[in-house]
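The structure appears right after this line, and notes come after that.
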Amino acid sequence: MAQYTTLKNFLASNNNRFLEQNNEDLQNVLNDLAEASISVSKDISRAGLIDGFLGAQGGQNVQGEDQQKLDVIADNAFIDVLEKGGAVCGVASEENENFVSFNNPKSQSGSYVVLFDPLDGSSNIDVNVSIGTIFSIYKRISPLNGPACIEDMLQKGTEQVAAGYTLYGSSTMFVYTSGQGVNGFTLEPSKEEFYLSHPDMKMPVKGRYYAMNEGNINECNPKIIDYIKYCQSRDNDYGSPYSGRYIGSLVADFHRNLIKGGIYIYPCTKNAPEGRLRLLYECNPLAFISEQAGGLSTTGTQRIMDIQPEKLHQRVAFFTGSKNMVEKAMGFLK
Ligand code: AHG
Ligand code: MN
Ligand code: MN
């Protein structure tokens, strides 16, 4: 592994053009997120062998969705590591109705807040299909040495200082941006280290994959139906029908499009009139990554990162992926 740089060294490197230099606090937050991801990755990879890891927790989160045991295990793993780290004064996650302000004095002197989806792709947990973690990091607005406040959490995506995801797939990968490009790291499980495997990732400007839960197609605006017909037509920009690929784990669908080129859409439906995906800890972080890699993320009509959030678990329609493909989809929605 000697030829590969570890995530820790990459973050600490003096000539790292991918992280604000000498920002040890932000390095620590990213390292802590990676550390919690390694622990979650270990739990996921042996989940079928450990009592109490698979299946439903028996409760629902604030959004009325059944919590899986691993949703709660992952949520606790990320909260614990961030609370101990000291650079983060508070967090918000999919699994908690309200944000959490850390009470200890070291955390209250921390400059950052982290918003996250601890496990993305719940329906895939029990069936051994790729799942993920998504995170977003902001500078706090509240004064130092006090509690975090709701305004810290409800910042526009354009204010993100870093964002990323961990994909628990056929290998585990940690992908992040801090506003100077996107880098991907692969976990070497026997060493419990992430190594730089995908430097300076760029999303192809076009591709031939589209990802949508087409079970919902008749629940959508007719303009969406027209766009999907375009994807399936020989008269599209590719000259042949795009291939449909829908995993049902946003992180996995996004990662495929980041590498191969493609578009992911989750529009408003009759059942989810505001969209299904959550702005703060699903769409904004992936929007930041997509733009940093040369792609685009919109609601169909508005840039995701320009939305002023009004509530923690706000949902939005989400179109993300290769620049030319997202622009084409937006043309259908005019
Ligand atoms: P989560 O498991 O964090 O609640 O997120 C699930 C999300 C996302 O991962 C996925 O793309 C989408 O919901 C799947 O929704 P459908 O089952 O409606 O397709
Ligand atoms: Mn999710
Ligand atoms: Mn989740």
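Both ligands and their constituent atoms are indexed starting at 1 by order of listing. No experiment lies behind these values; they were computed from the predicted model shown. Computed from heavy atoms alone, side chains included, the values below leave out hydrogens, waters and symmetry copies.
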query = Is Q155 reaching over with its side chain to a backbone N or O of D152, donor-acceptor style, under 3.5 angstrom?
reply = yes
ask   = For ligand 1, which atoms sit closer than 4.0 Å to a heavy atom of N213?
value = 16 (P), 18 (O), 19 (O)
ask   = Counting both backbone and side chain atoms, is some N or O of S249 under 3.5 Å from an N or O of ligand 1?
value = no
query = What do we get for Y281 next to ligand 1 when only non-hydrogen atoms under 4.0 Å count, side chain, backbone, both or neither?
reply = neither
message = Is the distance between the ring centroids of F194 and F185 under 6.0 Å?
response = no
key: Part of R278 with heavy atoms under 4.0 Å of ligand 1, whether side chain, backbone, both or neither   = side chain
query = Should you measure from each heavy atom of E282, which atoms of ligand 1 turn up under 4.0 Å away?
reply = 3 (O), 5 (O)
Parallel, tilted or perpendicular, as decided by the 30° and 60° cut-offs, for the rings of F116 and F78 = tilted
request  = Work out whether the distance between some heavy atom of G248 and some atom of ligand 1 is less than 4.0 Å.
outcome  = yes
task = Show your reasoning for whether side-chain hydrogen bond (donor to acceptor under 3.5 Å, both in side chains) applies to S136 and N284.
result = CA-CA 7 Å; S136 181; N284 266 337; over 6 Å; no
query = Does a donor on one side chain and an acceptor on the other come within less than 3.5 Å for E188 and S190?
reply = yes
key: Main-chain N/O of A287 paired with S290 side-chain donor or acceptor, under 3.5 Å   = yes
ask   = With the Mn ion (ligand 2) as the point of reference, which N/O/S atom of D120 is the closest?
value = OD1
ask   = Tell me, which protein residue and heavy-atom name are nearest atom 15 (O) of ligand 1, and how many Å apart are they?
value = R276 NE, 3.0 Å
task = Any chance you could lay out the side chain to side chain contact (heavy atoms under 4.5 Å, CB included) test for L33 and I137, step after step, and finish with the verdict?
result = CA-CA 11 Å; L33 288 163; I137 306 172; 3.9 Å; yes
request  = Have a look at E282 and say which of its N, O or S atoms is nearest the Mn ion (ligand 2).
outcome  = OE2
key: Pair T166, T133: side-chain N/O donor-acceptor within cut-off below 3.5 Å   = no
query = Which atoms of ligand 1 have any heavy atom of D117 under 4.0 Å away?
reply = 3 (O)
task = Run the contact test for D71 against ligand 1 with a 4.0 Å cut-off on heavy atoms, strictly below, and give the result.
result = no
query = Under 3.5 Å, is there a donor-acceptor pair between the side chain of D80 and the main chain of A77?
reply = no
Atom 7 (C) of ligand 1 [closest protein heavy-atom partner, distance rounded to 0.1 Å] = L277 CD2, 3.7 Å
ask   = Considering only heavy atoms of L250, which atoms of ligand 1 have at least one such atom less than 4.0 Å away?
value = 8 (C), 9 (O), 10 (C), 11 (O)
ask   = Y266 and N216: side-chain donor and acceptor closer than 3.5 Å?
value = yes
query = Got the closest protein heavy atom to atom 19 (O) of ligand 1, with its distance?
reply = Y246 OH, 2.6 Å
request  = Using distance alone, determine whether N216 and ligand 1 share an N or O pair under 3.5 Å.
outcome  = no
ask   = Is there a nitrogen or oxygen of D253 sitting under 3.5 Å from a nitrogen or oxygen of ligand 1?
value = no
inquiry  = Rounding to 10°, state the angle centred on the Mn ion (ligand 3) that links OE1 in E94 with OD1 in D117.
reply    = 80°
ask   = So is L119 in contact with ligand 1, going by heavy-atom distances below 4.0 Å?
value = yes
task = Determine, stepwise, if the pair N124 / S249 fulfils side-chain hydrogen bond (donor to acceptor under 3.5 Å, both in side chains).
result = CA-CA 7 Å; N124 285 325; S249 294; 2.9 Å; yes
query = Mind checking whether Y230 and Y210 have ring centres under 6.0 Å apart?
reply = no
task = May I ask you to identify the nearest protein heavy atom to atom 11 (O) of ligand 1, giving residue, atom name and distance to one decimal place in Å?
result = Y264 OH, 2.9 Å
inquiry  = For L7 versus Y176, what's the shortest heavy-atom pair and its separation?
reply    = CD1-CE2, 4.3 Å
Nearest-contact summary for atom 18 (O) of ligand 1 - protein heavy atom, Å = Y266 OH, 2.5 Å
query = So which protein heavy atom does atom 9 (O) of ligand 1 come closest to, and at what separation?
reply = D120 OD1, 2.7 Å
query = For S122, is at least one N or O under 3.5 Å away from an N or O on ligand 1?
reply = yes
